[in-house]
Amino acid sequence: MQEKYDHTATEKTAHQYWERTAAFKAVEDASKPKYYCLSMFPYPSGKLHMGHVRNYTIGDVLTRFHKMRGYNVMQPMGWDAFGLPAENAAIANKVPPAQWTDENIAYMKLQLKSLGFAIDWSRELATCKPDYYKWNQWLFLRMLEKGIAYKKTQTVNWDPVDQTVLANEQVIDGRGWRTGAVVEKREIPGYYLAITQYADELLNDLDTLDQWPERVRLMQANWIGKSTGVRFAFPHQIKDDAGALIDDGKLWVFTTRADTIMGVTFCAVAAEHPLATHAAQNNPELAAFIEKCKHGSVMEADMATMEKEGLPTGLFVTHPLTGEQIEVWVGNYVLMSYGDGAVMAVPAHDERDFGFAKKYNLPIKPVVMPGGLSLKTDATPVQPGEDASAIRPLEHLWAHSWNVGFGMHGELINSGKYNGLNYEQAIDAIAADLAAKGLGEKKVQWRLRDWGVSRQRYWGCPIPIIHCDDCGSVPVPDDQLPVVLPTDCVPDGSGNPLHKRPDFLNVACPCCGKPARRETDTMDTFVDSSWYYARFATPGNDQAMVDERVNYWLPVDQYIGGIEHAILHLLYSRFWTKVMGDLGLVSYREPFKRLLTQGMVLNHLFSRRSDKTGIEWFAPEEVVLQKDEAGRVTGATALRDGNPVDYGGFGTMSKSKRNGVDPQSMMEQYGADTARFFMMFAAPPEQTLEWSDAGIEGSYRFLKRIWAFGHVFATTIQPQLPGQRKLGNAKLPENLASLRREIHLLLKQANYDLGKQQFNTVASSTMKMLNALEKAPRLIDQNGGIAAEVIEEGLGILLRVLSPLTPHITHTLWAELGYAKSADESILDAAWPEPLDAALVQDEIELVLQILGKTRGSVKVPAGADNAAIEALAVVSEIAQKFMEGKPAKKVIVVPGRLVNIVV
RNA sequence: GCCCGGGUGGUGAAAUUGGUAGACACAAGGGACUUAAAAUCCCUCGGCGCAAGCUGUACGGGUUCAAGUCCCGUCCCGGGCACCA
C-alpha cells in the first residue's frame, strides 16, 4: 500500500466501488428490520453550504451504522425545487427558473456524491417535475371533495407597480423590495386547507412522538394553541344605517375565565370590529384611532412595546347575567384575527385589563378570592406576612395592583348566586345559565389557523382548477392530470408570467366544454415538502401517489434537519400524513418516528463600522487574529491594511456577513473524510458547532496517523500473524490483555454513545483506540504472533467503528490490509463489532478509595471479591490507614466495580 | 412577560445519569530531529503550593457516606412564543 495518505485517490477508489456495486440501493426485504433514514431535502440554491454538510453527515453516520448492524437501510435524497429564489435568479440572469434549478441540482448532486453519502440515488426526486407534483394536484382534488380544501378570500401584499403579490419578507418598511412602491393590502380569493379539522389529533398525537425533542413538541403544542373556555354574547340593540342589528344584536366574546364574568366592567373590541366601524362613523377621533391601530399592526417590532391604548365607542351592551349596561371600548390590544375580535374585560383578575382600567379610570370589581389567602373579618384577604389586624377594603387591595388576583383561581365573591363556588363549579354553573338563555356555551378555541396554500407565483405547482363563466371554479378531472407548468417562462418581476401564456391559460371547461381559463395560482412550496418522504418509498409508480411499499418503509425511522422547521414543515407533514391516512393511502398516522434537530454551524465574525459605508464585513481569511499569552482572542486586524477590525465572536455562517466556509474548497484541500470527521467530532449533533481551521487540521492529522498506522501494520505486523489464529478467548499475558481490554472498553463506550447519537464521543473513542494501538507494535518483540493478533483485532474494531464517520479511508484500509474476506466484500458488509466478555475480564480491579467521601486513592481487589472482602481489604490498605488516623470505620459503602467509601 | 435550554480550564468539549471533574482534541509553552523551516515525535498544561496537600464545575443555601449531576433561592447567557382573551 501507499505510504502517504492521499485523500483524493482514496475517495475516488471508494466512490468507484460503491457506484460499481450499487452499494446503497435499497430493496424491500421482509426478512430484515428496516431503517429509513432521512435528512431534510435541500433547496437547490446553487451549491452546498456547511449546514448541509453537517446535516447529511449525521444522517450518513446513522445510515451506515445501521447498515452494518444488519438493518435493511434506505437513505434517499431529493430536491425541494420550487420556490421564489429561482424566480429571483431568473429575473437577474434572464434564465428560466427550470434551467437554473436543473443546473443547480446537477452541481449539488456531484457535491453530495463527493462527500460519500450512502444515498440510494435511484429514488431521487425533484418537486418541480410533473411526475411528482401531479400527486400534489391529485391529493388537492381529493381534499376538495372531502371539504378539507376550500376557497375563501385572503389578504395579500400587492405591489401596484409590478402588479404582483409580495411575500411578507419582500415588503420592506411598507414598500415593495424591487419597486419601492407603497404596498397595498388586497383581498383576493385563494385556497385553504382545513388543518384545523385535525387540530385535536395533531395535538394529542404529540404524546406518541416520544423520540422527538421535547422542545419541538412544545413548540408545536403552543402553535396549535388549544384553549378551553366559554364563548358567550353580550346582547345589544345597536343598529347600522340600514336599520339592521349589527351582528344580529350580539357581541360575541371568548374567555377562559368564565368564572370572572360577574367582574366584567367593560368590553374591548378590535379596530376592525363591526361595532368599532359603526361607532367611528360619527366620531372622527375614534376613526383616526382605528386607522392608527390598523397601521400600527404592520410593524411587528413595535407591537411588543406598544402601550395599551383605547377609546370608548359610546356604545353599550347588556351583561348577559346581570343585565347591567357595559360600555364598549376599542382597544389596540384586541386582535381581530383571534376568536371573535372582542374580549370581556375583568380588570380585577387580568393584568392587561387592569392596566387598561387604571389608565382610563374604569371600574375594577374583584369577584374571585385567590386560593391560599385567608380572609379577615371585613372579608379582605390577609397577605402573606401581613398583620391580620390591618383592615383594608377589597378594592384598595386591587387598586394598589397587589398581584393577588391575576390568573389565579379561587372561590367566587361579589358574584350573587355564584358566591362560594370554586373555579370548575363556577364555570359549569355560568355556562349552563348562559346556555339556557341561548347566549353562550363551552367552546374550545385554537390558535392554529387553516393553511392558505395559494401563491400568486409562477415557479410552483399549478392548482388544478379551471374557471368557467358558467360553471364557476371547476376541478380539473383526474384524467387530465398533471396540469403541467410551462418550463420556458422567464419571469421579469412584473406579474405572473403565466398570464402571458395563452397555451396554458385557455382551456375548455371540463363541465360544459365552453372556453374557460386555467387557475394561474400555484401551491405553497410547503405542500411539496409535506409528503416527499412517502414518495421516496414508491419511486417510478406513475399510476398512484404511493403504493404498498410505502407501508414497508414508512414511517421514517430517523429524520434529521434544522430546528427552523420545528413548526411549519413538520406540522404540515403530520397533517398531510393524517389526510393520506384517512384516504386509505397509508396505514400510519405519524410520518417521523424519531427526530434529530442538528445545531447550526458558526464561524468568527469580523466587521468594521464606518460612517460612509455602514458596516463592512470581513471574511475570516482576510484578517489576522491577535491572541494574548493564554491563547485567547483579543482582537483582529485586516490583512489588507493592517488596521484593527471588530471581533464579533461566533455567529451563524451567512453570505451577508461573509463568514461562510465553502465546502468545496474544504474538500479539495482536506477531503471529504476530514470534513465529515471534524463535523462529528467538534460538537454533539444538536448543539451549535464552531468552525475552526485548527480543528480541521487536527482531524486531518488524525486521518494521516490512521493511514500511517495502517502502513506500519501492513509492513511489520501483518507478516507476524500466525497461520493458525488462536486469539478467541485465549488467556493473554497482562500487557496484551490490557491492550485488548482497553480496545474493547472503548468499543463498548462507542456503541453506547452511538445509541445516544452522541457522535463527538464516538470520534473521541476512535482517537483513543489509535493512541493505544500506536504504542502496541513493540509488544510483538516480547509476545510474537499473539501480539500481532491482538493488534489486528484492535485495528479491525477501530476501522469499523470509524467507518460511518470516514467511510473512504476505512473502505480502502479494510481492503488493503486484508480484512475483507473476498474481493467483492467491503467494510460495509462487515458485521458491526461487539465487545467480548472474554476481553473485558480482569483478575484484579481497581476501586476508588474514599475516606469520609473524599477521594484518597485507589485499592486493588480480586475481581470476584464480595463486598465484605472488599471492605476488609480497603480498611487495611495503606491509604486508608493513613487517612483514618487510627479511628475505627463506622460504616463502609461499597459500590461494586466502582468505589469504596469508609466513614469514620 | 411566559415557556424551554444552558452556565465546567486559554478554547471546543467529556464525565457510563449521584460515585476519581476536565477524557479526547485545539491553542499555548518546553524539548528532540533538522544547516534551517515545515512535517513528525516526546514532555508540561484549572488555581495555590518546593512538597505533603489544599482548593475548584456562575453565586448562596440544603439533602447525601458521596453533588457538575438532586432540591430551594439568586444572577447571567442562548433559543422559542406572545397584546391569545
Side-chain angles (χ1 to χ4, degrees), chain A residues 213-219 221-223 225 227 229 231 253-257 260 267-268 270 297 300 303-308 331-335 337-346 350-353 355-356 407 445-447 563-564 566-567 600 627-633 650 678 681-684 686-699 701-702 704-705 708 745-746 748-749 752-753 756 758 760-768 770-771 774 846-858 882 890-893 895 897-904:
Chain A
E214 181 65 23
R215 62 177 180 147
V216 174
R217 293 194 288 166
L218 264 164
M219 280 161 80
N222 287 337
W223 187 261
S227 50
R231 182 174 181 259
V253 300
F254 175 77
T255 179
T256 53
R257 290 300 304 271
T260 65
C267 284
S297 67
E300 285 278 334
M303 294 272 287
T305 50
M306 196 193 278
E307 167 102 17
K308 284 155 200 56
N332 65 350
Y333 65 95
V334 185
L335 300 178
S337 53
Y338 186 79
D340 294 282
V343 295
M344 68 173 201
V346 185
D350 179 275
E351 193 165 1
R352 206 178 34 205
D353 295 342
F356 198 84
Q445 183 74 39
W446 302 90
R447 201 190 96 96
I563 187 73
E564 67 272 21
I567 297 174
M600 300 211 269
K627 294 178 179 180
D628 61 12
E629 66 280 2
R632 197 179 348 216
V633 179
F650 279 93
F678 172 72
F681 176 61
E686 308 230 57
Q687 273 181 43
T688 56
L689 183 150
E690 294 178 6
W691 188 261
S692 152
D693 291 329
I696 287 284
E697 288 282 355
S699 298
R701 215 175 296 151
F702 171 65
K704 282 193 286 190
R705 274 171 58 204
L745 275 174
L746 287 167
K748 198 175 169 186
Q749 182 69 49
Y752 175 81
D753 291 341
K756 281 202 298 182
Q758 185 173 290
N760 54 328
T761 48
V762 176
S764 293
S765 290
T766 62
M767 288 174 140
K768 290 176 189 174
L770 181 62
N771 287 346
E774 278 179 337
E846 201 169 312
L847 297 180
V848 171
L849 180 59
Q850 295 185 333
I851 317 296
L852 265 172
K854 270 193 189 297
T855 303
R856 296 300 182 181
S858 60
K882 180 179 168 194
K890 199 162 80 186
K891 192 174 164 192
V892 180
I893 292 132
V895 183
R898 282 207 177 273
L899 62 67
V900 191
N901 188 5
I902 303 171
V903 186
V904 292

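Small disclaimer: the values here were computed from a predicted structure and weren't measured. By convention in this document, chain letters (A, B, ...) are assigned in the order of the sequence lines, proteins followed by strands, and residues within each chain are numbered from 1.
With sequence neighbours left out, the side chain to side chain donor-acceptor pair (under 3.5 Å) criterion links A:Thr256 to no other residue. A search for side chain to side chain donor-acceptor pair (under 3.5 Å) contacts involving A:Thr855 returns A:Gln850, not counting sequence neighbours. For A:Glu690, there are no salt bridge (Lys or Arg N to Asp or Glu O under 4.0 Å) partners at least two apart in sequence or on another chain. Applying the salt bridge (Lys or Arg N to Asp or Glu O under 4.0 Å) test to A:Asp753 and every residue at least two apart in sequence or in another chain returns nothing. With sequence neighbours excluded, the residues satisfying side chain to side chain donor-acceptor pair (under 3.5 Å) with A:Trp691 are A:Asp693. Residues forming a side chain to side chain donor-acceptor pair (under 3.5 Å) with A:Glu564 (at least two apart in sequence, or on another chain): none. Residues that satisfy the salt bridge (Lys or Arg N to Asp or Glu O under 4.0 Å) test with A:Arg352, not counting sequence neighbours, are absent from this structure. In this view, A:Arg898 satisfies the salt bridge (Lys or Arg N to Asp or Glu O under 4.0 Å) rule with no residue, not counting sequence neighbours.
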Per-nucleotide protein contact string for nucleotides 52-58 of chain B, where B marks a base within reach and S marks sugar-phosphate only (heavy atoms under 4.0 Å, - for neither)
SSSS---
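Nearest nucleotide to the side chain of A:Phe254, out of B:A13, B:A85, B:A21: B:A85.
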Table of protein N/O atoms under 3.5 Å from nucleotides 39-46 of chain B N/O atoms:
none

Distances for protein N/O vs nucleotides 31-33 of chain B N/O pairs under 3.5 angstrom?
none

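Between A:Ser699 and A:Pro684, it is A:Pro684 whose nearest contact on RNA chain B lies nearer the 5' terminus.
The base of B:G5 does not come close enough to the side chain of A:Glu214 for any donor and acceptor atom to sit less than 3.5 Å apart.
Remark: RNA chain B forms stems of 3 or more consecutive Watson-Crick or G-U wobble pairs, all pair distances under 3.5 Å, at B:1-7 with B:75-81, B:10-12 with B:24-26, B:28-32 with B:40-44, B:46-48 with B:53-55, B:58-62 with B:70-74.
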